[in-house]
Amino acid sequence: SFPRRCLYSGSNVVHNCLAVQLLLAEVAPRRPDVAFVIHGSCALPFQNACKLKNVFFDPDFARFRDYTAPGFVGLNTVTTGAGSNLKLLQYLCHGMPVMSTPFGMRGFEDLITYVSLVEPAQIPDMIDQVMRPPVPPQVLEAYQWSTIASGMLDSYRRILAGRQGAA
């Protein structure tokens, strides 16, 4: 019954819980016309305390594909943490339009073209303007495990060949 739906998916770690708190305190109350699905184990600490009628919780990671339907926007609203957020790749691989904070894009600078980049305070106002340029398959191919493993294997081969040549 909601014309626009947003998904935040993640595990129950501090940076995801802080992103969910931002959504519950600052975003969802300002956008009662938008459904927000908090998916994955990051939903667990909040699902019994939240009383917002436009927020839904689903801790079952196996149901991710249920939220990749047309009309869903993938949210990457992290503002703290270390490493890269794999949810960004997961959203893009499923063809979802994505909105991310600049902090959430660390490690994925080559994907900025395909993501709506917004500051946390802008999120409620920008949900309806999320762009969805297609991500060329070769761009996402660089992030596949087979591509990464192949590069590592080539590196090991060069190291071994160098050792054999030195012996």
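The CZ atom of Arg5 sits 11.0 Å away from atom OH of Tyr67, with the distance rounded to the nearest 0.5 Å. The CZ atom of Arg106 sits 8.0 Å away from the OG1 atom of Thr101 when rounded to the nearest 0.5 Å. Taking CG of Leu75 as the reference point, atom CD1 of Ile38 lies at 8.0 Å (rounded to 0.5 Å). The OG atom of Ser116 sits 8.5 Å away from the CD atom of Gln129 when rounded to the nearest 0.5 Å. Taking CG of Asn12 as the reference point, atom SG of Cys17 lies at 4.0 Å (rounded to 0.5 Å). Atom SG of residue Cys42 and atom CZ of residue Phe57 lie 9.0 Å apart, to the nearest 0.5 angstrom.
A 4.5 Å side-chain heavy-atom check between Pro32 and Lys53 finds every atom pair outside the cut-off. Using a 4.5 Å heavy-atom threshold, the side chains of Tyr114 and Val98 count as separate. The shortest side-chain heavy-atom distance between Leu111 and Leu92 falls under the 4.5 Å cut-off. Residues Asp58 and Gln47 fail the side-chain proximity criterion, which asks for heavy atoms closer than 4.5 Å. Side-chain atoms of Ile127 and Cys6, non-hydrogen and from C-beta on, do get closer than 4.5 Å to each other. Two residues are said to be in side-chain contact when any heavy atoms from C-beta on lie closer than 4.5 Å; Ser41 and Pro59 fail this criterion. Using a 4.5 Å cut-off on side-chain heavy atoms (C-beta onward), Val115 and Met105 make contact. For the pair Pro120/Thr77, no side-chain contact is recorded, criterion being any heavy-atom separation below 4.5 Å from C-beta on.
Under a 3.5 Å cut-off, the side chain of Asn76 and the backbone N or O of Gly104 do form a donor-acceptor pair. Using a distance-only test at 3.5 Å, with no hydrogens or angles considered, a donor-acceptor pair links the side chain of Asn54 to the main chain of Ala28.
Between Phe64 and His94, the ring-plane angle classifies as perpendicular under the 30° and 60° cut-offs.
When hydrophobic clusters are built by joining Ile, Leu, Val, Met, Phe, Trp and Tyr residues whose side-chain heavy atoms come closer than 4.5 Å, directly or via intermediates, Leu44 is not grouped with Phe46. Cluster membership for Leu22 and Val13, using ILVMFWY side-chain heavy atoms within less than 4.5 angstrom, is not shared. Hydrophobic clustering (ILVMFWY, side-chain heavy atoms < 4.5 Å, transitive): Leu88 and Ile112 are in one cluster. Note on Phe36 and Phe61: separate hydrophobic clusters, where clusters join Ile, Leu, Val, Met, Phe, Trp and Tyr whose side-chain heavy atoms are under 4.5 Å apart, directly or indirectly. Connection of Leu18 to Leu86 is not established within any shared hydrophobic cluster, with ILVMFWY side chains joined at heavy-atom distances below 4.5 Å, either directly or through further cluster members.
Nearest approach of Asp128 to Arg4, heavy atoms of both residues: O-NH2, 3.7 Å. Heavy atoms only, all atoms of each residue included: Glu119 and Pro102 are closest at OE2-CG, 3.4 Å. Of all heavy-atom pairs between Pro29 and Ala25, the closest is CG-O, 3.7 Å.
Between Asp125 and Arg30, at least one side-chain N (NZ, or NE/NH1/NH2) sits under 4.0 Å from a carboxylate O, which counts as a salt bridge.
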Self-check item: Stepwise side-chain contact (heavy atoms from CB on, under 4.5 Å) test for Met99 and Leu117
Solution: CA-CA 6 Å; Met99 177 183 287; Leu117 204 59; over 6 Å; no
Quiz prompt | Residues Tyr91, Ser9; criterion side-chain contact (heavy atoms from CB on, under 4.5 Å); working and verdict | solution = CA-CA 9 Å; Tyr91 297 154; Ser9 183; 4.0 Å; yes
Exercise. Given side-chain contact (heavy atoms from CB on, under 4.5 Å), test Thr68 with Gln90 step by step and report yes or no.
Key: CA-CA 10 Å; Thr68 61; Gln90 192 174 23; over 6 Å; no
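Two rings, from His39 and Tyr8, have their centers 6.0 Å or more apart.
The number of heavy-atom neighbours closer than 6.0 Å to CD of Glu26, taken from other residues, nucleotides and ligands shown, is 12 or below.
No hydrogens or angles considered: a donor-acceptor pair under 3.5 Å links the side chains of Arg158 and Ser155.
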